[in-house]
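What follows is a short report on a single structure.
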Amino acid sequence: MISDKVLIFETTLRDGEQAPGASMNISEKIRIAHQLAQLNVDIIEAGFPISSPAQFEAVETIANEVEGPVVAALARTIEADIDAAGEALKTGSKTRIHTFVGTSDIHLKAKFGADRYGKSLDEKRQSVLNMVDRSVRQACAITDDVEFSAEDAGRTEVDFLVDVINVAIEAGATTINIPDTTGYCVPREYAALFKTVRERCLNIENVTLSVHCHDDLGLAVANSLAGVLAGARQVECTINGIGERAGNASLEEVVMALHVRGKLFGTHTGIETRLLSATSKMVSSATGFPVPPNKAVVGANAFSHEAGIHQHGVLKSRETYEIMKAEDVGQDPEAIRLGRHSGRHGLFSRLEKLGIFVGEDRKEDVYNEFVALADLKKEIFDEDLIAIAQGQKGDSPIIHYRLDHLSVNCGTGRVPRAEVLLYHGSSDTSCRKIGEGDGPVEAIYRAIDLAAGSRHGLVSYAIRSVGEGKDAMGEVTVLISEHGTLFRGIAQHTDVLQASANAYVQALNQLEAFRVSSGEEFVSDGIMQSFGSDGSQKS
């Protein structure tokens, strides 16, 4: 009988890191591994020990330090690979060796072209069967948890795939992975492949079948779910779907599909879904790969609504346009985004949440001003709404703060330090302060907070290139918050650190303008909430 639990095999630290430019250092890997343990994944594939000393150290450290999930190490069907994997895992309490070999005719001809593997295709296939048998038995002598993958199974001749799997099971493999390594399959044929394997392979009921899909045709998640419907009970995936070429199946999408459509699949996972967004942000920060705003489940717009009809619906009942709760994946449930497609309900609901009352006699004028401004801007922010509702005109707010000087000192082996001279318009004085941080931007923002005499809640920081070439402008956008009210700053400069500082000061001016006009006094933990007392970033 097939289990109703789907195991989550998390391979961000191995396959995910193979995405060009996504490599992580050992400390980043360990931090993410601990986060994955909190996420409650079942297996963490920590790396490929034979490939480099750093990979070996990462696997060894994670196996030794991270408790909860099984820690897996990758190995080819080569004796030295298996030995390296076993050595790296030896201090772990729950370990798995994951060995693989190419099985499609394309792989056989490309990787095993030498005559020592045989001259004919049949002879090369026999050599591969012998390698599978030897490597799985060798791995089983090290650990009782051994996974075998038939690389490029999606393009492998079915009769040979059945032979390979039979040999792996006979040799002692406990998990059989049938990967769509190149993202070639479509869901129907991928599911049919699992059906064939289940019907034709001996003792298949004694092993766990696994899916591992790539996204070359945008079908990684769809194929993974098709495999689950066909009997697979392990899904191999990565946070944010990062990985080789177009990436792997996205963990958060697979998990939430199984969660939301639990009755259809008849399965469940053990994932702590409320940690999905935090884990996504951690991986994005470590790899430098931003999460697209329209990314399912964890994207900034995943629970946002701009169209008036949608806003009206979700304000009445979120179920009208949302199939899962934002809170269930660690997202903010307040996601009405105002723009040119928004209507009256969204506008006045947001004003009400900002504590701004608009009388019936002014609602039409306020709405018309909102529509006019929305035609000029991509998105309307809280400070825009405040200005409209309070009848403020013009785009030149009073200068409460002005950055008169900025210097930044950072380098290898040194703690980044920033010095600022901030002018206070209210007192006609200037204040010079120094701040330190894990990076130069954090140091700048700490220094500005110290010079301003208060700390501010940094909601988001984004940077993009404006133009091309080495002298292109950098545009920085920051959002800060005070008691749920958002204030935005945007600045451009060829020096991105200067742009970062200018954008932050602009946001502070927006906040101060609101404080003055509303007569409210705010006290906030601010940006420092994002960092511990020792300067380490909180997850």
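Just so you know, these numbers use all the heavy atoms, side chains as well, and skip hydrogens, waters and symmetry mates. None of these values were measured; they are calculated from a predicted model.
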* Give a yes or no on whether a salt bridge exists between Asp449 and Arg455, defined as a side-chain N under 4.0 angstrom from a carboxylate O. => no
* To do: Considering only NZ, NE, NH1 and NH2 on the basic side and carboxylate oxygens on the acidic side, decide whether Lys295 and Glu252 come within less than 4.0 Å.
  => yes
* Nearest-0.5 Å distance, CG of residue Asn248 to CG of residue Asp180 -> 11.0 Å
* **Side chains of Arg14 and Gln18, donor plus acceptor under 3.5 Å** => yes
* To do: Would you check if the side chain of Asp404 reaches a backbone N or O of Tyr423 as a donor-acceptor pair within less than 3.5 Å?
  => no
* Asked: Does Gly243 offer a backbone N or O that forms a donor-acceptor pair with the side chain of Asp15 under 3.5 Å?
  -> no
* Looking only at heavy atoms, what is the nearest atom pair of Leu450 and Lys433, with distance? -> C-CG, 3.8 Å
* To do: Show your reasoning for whether side chain to side chain contact (heavy atoms under 4.5 Å, CB included) applies to Lys29 and Gln55.
  => CA-CA 10 Å; Lys29 286 188 173 187; Gln55 286 275 330; 3.2 Å; yes
* Thr61/Glu57 under side chain to side chain contact (heavy atoms under 4.5 Å, CB included): CA gap, chis, key distance, verdict -> CA-CA 6 Å; Thr61 305; Glu57 183 181 352; 3.9 Å; yes
* **For Leu89 against Ala73, the heavy-atom pair lying closest together** => CD1-CB, 3.8 Å
* Any idea which heavy atoms bring Val408 and Leu406 closest together, and the distance? -> CG2-CD1, 4.0 Å
* Rounded distance (nearest 0.5 Å) linking atom OG1 of Thr269 with atom CG of Leu7 -> 10.0 Å
* To do: Given side chain to side chain contact (heavy atoms under 4.5 Å, CB included), test Val505 with Arg402 step by step and report yes or no.
  => CA-CA 7 Å; Val505 171; Arg402 185 181 69 231; 6.0 Å; no
* Asked: In terms of ring plane angle, is the pair Tyr445 and Tyr504 parallel, tilted or perpendicular, where the classes change at 30° and 60°?
  -> parallel
* With distance as the sole test, does Arg414 use its side chain to make a donor-acceptor pair with the main-chain N or O of Asn409 at under 3.5 Å? -> no
* Asked: Does the Glu442 side chain pair with the main chain of Asp438, one donor and one acceptor, at a distance under 3.5 Å?
  -> yes
* Asked: Is the backbone of Asp495 close enough, under 3.5 Å, to the side chain of His493 for a donor and an acceptor to pair up by distance?
  -> yes
* Got His34 and Glu65 here, is their nearest side-chain heavy-atom distance under 4.5 Å? -> yes
* For Asn25 and Ser27, which heavy atoms make the closest approach, and how far apart are they? -> OD1-OG, 2.8 Å
* **Nearest non-hydrogen partners of Val441 and Ser500, listed with the distance** => CG2-OG, 4.0 Å
* Asked: Taking it one step at a time, do Ile43 and Gln234 satisfy side chain to side chain contact (heavy atoms under 4.5 Å, CB included)?
  -> CA-CA 10 Å; Ile43 303 99; Gln234 176 177 284; 3.6 Å; yes
* Shortest non-hydrogen separation from Gly435 to Ala447 and the atoms involved -> N-CB, 3.5 Å
* Taking it one step at a time, do Phe9 and His212 satisfy ring pair (Phe, Tyr, Trp, His ring centres under 6.0 Å)? -> CA-CA 9 Å; Phe9 180 106; His212 180 117; 7.5 Å; no
* Check the side chains of Thr279 and Gln35 for a donor-acceptor pair under 3.5 angstrom, ignoring hydrogens and angles. => yes
* Asked: Taking side chain as C-beta onward, heavy atoms only, is Arg96 less than 4.5 Å from Val71?
  -> no
* To do: Using atom types as modelled and distance alone, determine if a side-chain donor or acceptor of Ser51 lies under 3.5 Å from a backbone N or O of Phe48.
  => yes
* Criterion side chain to side chain contact (heavy atoms under 4.5 Å, CB included) against Ile490, the qualifying member of Asn502, Val476, Thr477, Val478 -> Thr477
* Backbone of Lys281 reached by a side-chain donor or acceptor of Ser285 within 3.5 Å -> no
* Hey, is the main chain of Ile239 close enough, under 3.5 Å, to the side chain of Glu10 for a donor-acceptor pair? -> yes
* **Thr273 (side chain) donor-acceptor with Asp328 (main chain) under 3.5 angstrom** => yes
* Would you find a donor on one side and an acceptor on the other, under 3.5 Å apart, between the side chain of Ser284 and the backbone of Ser280? -> no
* Charged N to carboxylate O below 4.0 Å: is that the case for Glu419 and Arg432? -> yes
* To do: State plainly whether the residues Glu67 and Lys94 are in salt-bridge range, i.e. N to O under 4.0 Å.
  => no
